[in-house]
Amino acid sequence: SQQGEEDPQALSIQEGENATMNCSYKTSINNLQWYRQNSGRGLVHLILIRSNEREKHSGRLRVTLDTSKKSSSLLITASRAADTASYFCATLGFGNEKLTFGTGTRLTIIP
Amino acid sequence: EAQVTQNPRYLITVTGKKLTVTCSQNMNHEYMSWYRQDPGLGLRQIYYSMNVEVTDKGDVPEGYKVSRKEKRNFPLILESPSPNQTSLYFCASRSKLYQPQHFGDGTRLSIL
């Protein structure tokens, strides 16, 4: 079953604008992770945020986590054409090996 | 270079012909997993392994087998492939339970 649900399913923005993607999940988590997938390729880990963290930054990426609402957001600032990809959130429970992925947000950056 | 290597990258085969997709990681990771990715369904876990000789079912294990005889290798076996197993498959590994995963580049299987 899907734990994470991303919103929107697809997003198109102009280069230089900021992109925000949201993820909602259903059960308690140890951490939430964001991955990027270029078309047909393997997923690349972007950032991991633990359940006791509220915000995390990595370069142009900013992730927030609200455990009371069971939701997370990924913000990409100053977008570039190379950011065009699908973005997935994935949740990991406590003592549970399984990393459960959402269905992803397809981001297109228009030059 | 740290990596997860899958082979083959592409395969077209016929129903019932046994096939194996290999996966190897060079990072000495304990945890390894197999996923399939289908449009609109995201990634679904097929099997996972927490260490040598320790494997368990994921969400969609039917029709698949795995083995973990060595730490670095985690092959996925389709004993009698069927068309509904046509999909994009990914192998992944991680060092510890709460760490991020490293993914291979994927194997696109078409079962006719």
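What's counted below: heavy atoms across the whole structure, side chains too, no hydrogens, waters or symmetry copies.
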Problem - Residues, nucleotides or ligands: over 12 heavy atoms within 6.0 Å of Ile12(B) CD1 - result: no
Exercise for the section: Give, for atom CG of Leu43(B) and atom CD of Gln37(A), the distance between the pair rounded to the nearest 0.5 Å. Expected result: 6.5 Å
Fill in the blank from the handout: Here the gap from Tyr98(B) atom OH to Phe94(A) atom CZ, rounded to the nearest 0.5 Å, amounts to 6.5 Å
Exercise for the section: Select one option (side chain, backbone, both, neither) describing which atoms of Gln45(B) are under 4.5 Å from chain A's heavy atoms. Expected result: side chain
Problem - Connected-component partners of Ile110(A) among ILVMFWY, side-chain separation under 4.5 Å - result: none
Problem - Nearest heavy-atom neighbours spanning Gln101(B) and Tyr35(A) - result: N-OH, 2.9 Å
Exercise for the section: Flag the one option from Gly40(B), Cys91(B), Gly106(B), Pro100(B) with the top tally of heavy-atom pairs under 4.5 Å to chain A. Expected result: Pro100(B)
In one Ile/Leu/Val/Met/Phe/Trp/Tyr side-chain cluster, 4.5 Å: [X], [Y]:
| X | Y | answer |
| --- | --- | --- |
| Phe90(B) | Val66(B) | no |
| Tyr89(B) | Val60(B) | yes |
| Leu11(B) | Leu88(B) | no |
| Phe101(A) | Tyr64(B) | no |
| Val4(B) | Leu97(B) | no |

Name every donor-acceptor pair, under 3.5 Å, that has one atom in a side chain of residues 9-18 of chain A and the other anywhere in the protein, sequence neighbours excluded.
unit_1: Glu15(A); atom_1: OE2; unit_2: Ala81(A); atom_2: N; d: 3.3
unit_1: Glu17(A); atom_1: OE1; unit_2: Gln14(A); atom_2: N; d: 3.1
unit_1: Asn18(A); atom_1: OD1; unit_2: Ala78(A); atom_2: N; d: 3.0

Problem - For chain B, which residues of residues 43-62 of chain A have heavy atoms nearer than 4.5 angstrom - result: Leu43(A), His45(A), Leu48(A), Arg50(A)
Problem - Contact check, side chains of Asn31(A) and Gln99(B), non-hydrogen atoms, under 4.5 Å - result: no
Exercise for the section: May I ask you to test the Lys98(A)-Asp59(B) pair for a side-chain heavy-atom distance under 4.5 Å? Expected result: yes
Completion exercise
Under a 4.5 Å heavy-atom criterion, the part of residues 18-38 of chain B in contact with chain A comprises Tyr31(B), Ser33(B), Tyr35(B), Gln37(B)
